[in-house]
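Here is the structure we will look at, set down as structure tokens.
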Amino acid sequence: MLVYPSSIDLSSSTLRHLTRRLTARRRELGTRWRRLSAGRQALLALAHLRCGGTYAQLAAGFGIGIATVYRYIREAIEVLCVLAPSLDEARETARKKAFVILDGTLLPIDRIAVDTPYYSGKHKRHGMNVQVLEDPFGRLLWASAALPGSTHDLTAARSHGIVDALAAEGLKCWADKAYQGAGWHIRVPFRGRRLKRWKRRHNSSHAKIRCAGEQAMAVLKGWRLLRKIRCSTNRITDIVKAVLVIHHVST
């Protein structure tokens, strides 16, 4: 396999942060020697998450075996995902904000037609449903565990406890039409084609507020691994949490 130099559009502080975490993990385990240093392992994990490099490509680029690449990346993801904010921590942060934005996205996965629980009728493809909370400027605050793609956004929000958590704090929340019926504290646009003028004005102002949420989703999908996930569905939650932690470190 041919190998060529490439780049990752992340800051050096992100690399140093992950390197420190991996160094602490090695000290905890009492590791004496490995094929790659902690810094190279951090670079390997970032290349996989940000650029979506396959195990075979990364093995050739770093001069190690495919099994070693798998172990190193999995270890880095485990180190990162434990640092992800919980819903309670995100709620504490949201208290200082004027409001939050709730949105859901489908992360495409590599599955066959018989895997009906993962098929989204809305998106016409297989995937995993992830709910996110964002601040008024579109910055990601929290990401939920991944559920099968057939799960409705409102059902997913309720199962994660998002609706009850926002209601308990009295936080104002803007969301799209998929969350109608969630409660008075979650504001959604009006449905229908022939709406009255004041309802159309409400929908227009609502869309201007919610557009920041689309910007945050674009940032999340900027991690190429999340555009087409080919690993086990049991690992997707940890991957999303790891991406969220790196995003917070790099911003």
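Numbering starts at 1 and runs along the sequence shown.
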Test R34 against T68 for side-chain contact (heavy atoms from CB on, under 4.5 Å), laying out the working first.
-> CA-CA 10 Å; R34 289 198 184 185; T68 306; over 6 Å; no
Would you say L225 and I77 are hydrophobically clustered, going by side-chain heavy atoms of ILVMFWY under 4.5 Å?
-> yes
For R200, does the CZ atom sit with more than 12 other heavy atoms under 6.0 Å from it, leaving out its own atoms?
-> yes
Any idea how H126 and Y119 line up, ring-wise: parallel (<30°), tilted (30 to 60°), or perpendicular (>60°)?
-> perpendicular
Taking every heavy atom of G181 against every heavy atom of R158, the minimum-distance pair comes out as O-NH2, 2.9 Å
Is L195 close to H202 at the side-chain level, that is, under 4.5 Å between some pair of heavy atoms?
-> no
Decide whether R26 and Q41 meet the rule of one side-chain donor and one side-chain acceptor closer than 3.5 Å.
-> yes
Separation between CG (L22) and OG1 (T31), nearest 0.5 Å, reads 10.5 Å
Would you say V188 and I101 are hydrophobically clustered, going by side-chain heavy atoms of ILVMFWY under 4.5 Å?
-> no
Show your working on side-chain contact (heavy atoms from CB on, under 4.5 Å) between L106 and R125 and close with a plain yes or no.
-> CA-CA 9 Å; L106 185 81; R125 64 190 309 174; 3.7 Å; yes
With no hydrogens and no angle check, is any side-chain donor or acceptor of Q57 less than 3.5 Å from a backbone partner on T54?
-> yes
To the nearest 0.5 Å, atom CG of L46 lies from atom SG of C51 at 9.0 Å
Please examine the side chains of R50 and D9, heavy atoms only from C-beta on, and report whether any two atoms are closer than 4.5 Å.
-> yes
How far apart are the closest heavy atoms of T237 and A146, and which atoms are they?
-> OG1-N, 3.0 Å
At what distance, to the nearest 0.5 angstrom, does CG of L49 lie from CG of L18?
-> 8.5 Å
For P189 and Q180, work out which heavy atoms get closest and say how close.
-> O-NE2, 2.9 Å
Got a salt bridge between R91 and D88, using NZ or NE/NH1/NH2 to carboxylate O under 4.0 Å?
-> yes
Hey, does the side chain of H206 reach the backbone of R187 with a donor-acceptor pair shorter than 3.5 angstrom?
-> yes
Do S159 and T151 touch side chain to side chain, with heavy atoms closer than 4.5 Å?
-> no
When rounded to the nearest 0.5 angstrom, what distance separates OG in S250 from CG in L10?
-> 6.0 Å
Does the side chain of L244 reach to within under 4.5 Å of the side chain of L80, using non-hydrogen atoms?
-> no
How about L226 and I239: do any of their side-chain heavy atoms sit closer than 4.5 Å?
-> yes
Rounded to the nearest 0.5 Å, how far apart are CG of L154 and CD of Q131?
-> 9.0 Å
Counting N and O atoms only, with roles assigned by atom type, does the side chain of R227 sit under 3.5 Å from a partner on the main chain of P108, one being a donor and the other an acceptor?
-> no
Cluster link L133 to I246, ILVMFWY, side chain under 4.5 Å | no
Shortest non-hydrogen contact between G104 and D153, atoms and distance | CA-OD1, 4.1 Å
Establish, from distance only, whether the side-chain atoms of R201 and S205 form a donor-acceptor pair under 3.5 Å.
-> no
Same cluster or not: are V243 and M217 linked, directly or through other Ile, Leu, Val, Met, Phe, Trp or Tyr residues, by side-chain heavy atoms under 4.5 angstrom apart?
-> yes
Hey, could you give me the NE2/CH2 distance between H248 and W142, rounded to the nearest 0.5 Å?
-> 12.0 Å
Mind running side-chain contact (heavy atoms from CB on, under 4.5 Å) on Y72 and L36 for me, showing each step along the way?
-> CA-CA 9 Å; Y72 280 4; L36 295 181; 3.7 Å; yes
Between Y70 and E75, does any side-chain donor sit less than 3.5 Å from a side-chain acceptor?
-> no
Does H185 use its side chain to pair, donor to acceptor, with the backbone of V163 at less than 3.5 Å?
-> yes
Answer yes if the ring centres of Y179 and W174 are under 6.0 angstrom apart, and no otherwise.
-> no
Should the pair R210-D103 be classified as a salt bridge under the 4.0 Å nitrogen-to-oxygen rule?
-> yes
W223 and V219 have their tightest heavy-atom pair at CD1-O, 3.5 Å
Check the pair L15, T19 against side-chain contact (heavy atoms from CB on, under 4.5 Å), reporting the backbone distance first and the verdict last.
-> CA-CA 6 Å; L15 178 63; T19 301; 4.1 Å; yes
Side chains of I109 and M128: does their closest heavy-atom pair fall under 4.5 Å?
-> yes
Which atom pair, heavy atoms only, marks the closest approach of P117 to P148?
-> O-CB, 3.0 Å
Close side-chain approach of V69 to I73, heavy-atom, < 4.5 Å = yes
Is it true that E28 and R25 make a salt bridge, defined as a side-chain N closer than 4.0 Å to a carboxylate O?
-> no
Taking the side chain as C-beta and beyond, is there a heavy-atom pair between R235 and I229 under 4.5 Å?
-> no
Got a sec: does the CD of Q215 have more than 12 other heavy atoms crowding it under 6.0 Å?
-> no
Kindly say whether T93 contributes a backbone atom to a donor-acceptor pair with the side chain of K96 at under 3.5 angstrom?
-> no
All pairs passing salt bridge (charged side-chain N to carboxylate O under 4.0 Å, His left out) where residues 138-148 contributes a residue, at least two apart | D135-R139
Does V249 share a hydrophobic cluster with L141, counting links as ILVMFWY side-chain heavy atoms below 4.5 Å and allowing steps through other members?
-> no
Go through the structure and list residues passing side chain to side chain contact (heavy atoms under 4.5 Å, CB included) with A60, not counting sequence neighbours.
-> M1, V3
